[in-house]
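Everything on this sheet refers to the single structure shown next.
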Amino acid sequence: MNIKEFAERTHATPRTIRFYEEKGLLCPKRNDNGYRDYQEEDVLEMKTILALKTANLSLEDIARIVALKNRETSLLCKEETLSFLERQISQLALQIKLTQLVHDQFVAIKSVVQKSEGEADMTKVLSILKQLERGGIEHEKDN
């Protein structure tokens, strides 16, 4: 499939696709005329890249993950991979914790706003937001 079809299948722009190719994350086959010829494997690869990007991984980290499937397994590779994955798991656990905190605060604010009858409720909202700030401060202390 050409880049336009590939973009439609993966919900990415041709510009993004070319950028990921430049970074070595995607390597489509080329026809005799030099045009890209994307395969189903490329679609899966791109969807994986986009999912990892949505999870806030850096392009460098995404490249490491994509490269894992092409590397031979060795003890060095295993240790590097495990170390990398442990760091990623820790980061994701922290993101989940912070996202849950924000979610809970937004639910609390929504409840206050739904029951709101005037400006006096703004104090309650500000109180909830202060709790969120304290959660952020604790996050900074943890690092």
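What's counted below: heavy atoms across the whole structure, side chains too, no hydrogens, waters or symmetry copies.
No continuous path of hydrophobic side-chain contacts links Leu26 to Leu44 [ILVMFWY only; heavy atoms under 4.5 Å]. Hydrophobic clustering keeps Val66 apart from Leu92 (ILVMFWY residues linked when any side-chain heavy atoms are closer than 4.5 Å, directly or through intermediates).
Separation of atoms CG (Leu82) and CD1 (Ile89) is listed at 9.0 Å; rounding is to 0.5 Å. A distance of 7.0 Å separates CZ of Arg64 from CD of Glu60, quoted to the nearest 0.5 Å. In this structure, the separation between OG1 on Thr16 and CZ on Arg18 is 10.0 Å, given to the nearest 0.5 Å. Between the CG atom in Leu85 and the OG atom in Ser90 there is a gap of 11.0 Å [rounded to 0.5 Å]. How far CD of Gln88 is from CG of Asn56: 10.5 Å, rounded to the nearest 0.5 Å.
Side-chain contact between Leu98 and Val102 is absent, with no heavy-atom pair separated by less than 4.5 Å. The side-chain heavy atoms of Glu45 and Thr10, taken from C-beta on, include no pair separated by under 4.5 Å. Proximity of Lys53 to Tyr20: side-chain heavy atoms (C-beta onward) are separated by under 4.5 Å at one or more points. Taking 4.5 Å as the limit, every side-chain heavy atom of Leu25 sits out of range of all side-chain heavy atoms of Phe19. Between Tyr35 and Asn2, the closest side-chain pair of non-hydrogen atoms is not below 4.5 Å. Side-chain contact between Glu21 and Arg36 is present, with at least one heavy-atom pair separated by less than 4.5 Å. Side-chain atoms of Phe84 and Arg87, non-hydrogen and from C-beta on, do get closer than 4.5 Å to each other.
Heavy atoms from other residues, nucleotides or ligands lying under 6.0 Å from CZ of Arg15 number 12 at most. Atom CG of Asp32 has 12 or fewer neighbouring heavy atoms from other residues, nucleotides or ligands inside a 6.0 Å radius. Other residues, nucleotides and ligands contribute over 12 non-hydrogen atoms within 6.0 Å of the CD atom of Glu8.
Across all their heavy atoms, Met1 and Glu40 have their closest contact at CE-OE2, 3.8 Å. Taking each heavy atom of Asp37 and Asp42 in turn, the nearest pair found is O-OD2, 4.2 Å. The two atoms that bring Ile17 and Phe6 nearest to each other are CD1-CD2, 3.4 Å, heavy atoms only.
Residues satisfying the side chain to side chain donor-acceptor pair (under 3.5 Å) criterion with Thr99, sequence neighbours excluded, are absent altogether. Taking the side chain to side chain donor-acceptor pair (under 3.5 Å) definition, one finds that Gln95 meets it with nothing, sequence neighbours left out.
Using a distance-only test at 3.5 Å, with no hydrogens or angles considered, a donor-acceptor pair links the side chain of Thr54 to the main chain of Leu50.
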Would you check, one step at a time, whether the test side chain to side chain contact (heavy atoms under 4.5 Å, CB included) holds for Ile65 with Ile49?
CA-CA 9 Å; Ile65 292 169; Ile49 292 166; over 6 Å; no

